[in-house]
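The shown structure was predicted, so the numbers you read here are calculated from the model rather than taken from an experiment.
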Amino acid sequence: MIGFFKSNIQFITENAVNPDRRRYAVFGEAEKHYLDADIYGHSAFYTPPRYWQ
């Protein structure tokens with residue numbers, strides 16, 4: 001995978017922030033970009049629900 005990332009570093013660098021740009025540009029998108037992992041304590045990786053409606 002390192003070969004892929006190195007050969008595409010310019011594209012990845014320029015486009016890595018696109019989800020955050022969409023967050024501010026599209027109504028209703030901001031709430032899809034926030035997860036308060038602190039409320040799940042030490043098992044924040046295993047405890048949160050996998051799917052939301």
Suppose we screen for side chain to side chain contact (heavy atoms under 4.5 Å, CB included). Which residues come up paired with Phe11, at least two apart in sequence or across chains?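 Checked Phe11 against side chain to side chain contact (heavy atoms under 4.5 Å, CB included); matches are Asn15.
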ILVMFWY cluster, Ile9 and Ile2 together (side-chain gap under 4.5 Å):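 No, Ile9 and Ile2 fall in different hydrophobic clusters.
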For Arg22, enumerate each residue passing the salt bridge (charged side-chain N to carboxylate O under 4.0 Å, His left out) test, keeping only those at least two apart in sequence or located in another chain.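 Per chain and number, Arg22 pairs via salt bridge (charged side-chain N to carboxylate O under 4.0 Å, His left out) with Glu29.
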Residues in side chain to side chain donor-acceptor pair (under 3.5 Å) with Asp20, at least two apart?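 Per chain and number, Asp20 pairs via side chain to side chain donor-acceptor pair (under 3.5 Å) with no residue.
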For Arg23, which residues count as a side chain to side chain donor-acceptor pair (under 3.5 Å) partner, sequence neighbours excluded?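 Residues passing side chain to side chain donor-acceptor pair (under 3.5 Å) with Arg23: none at all.
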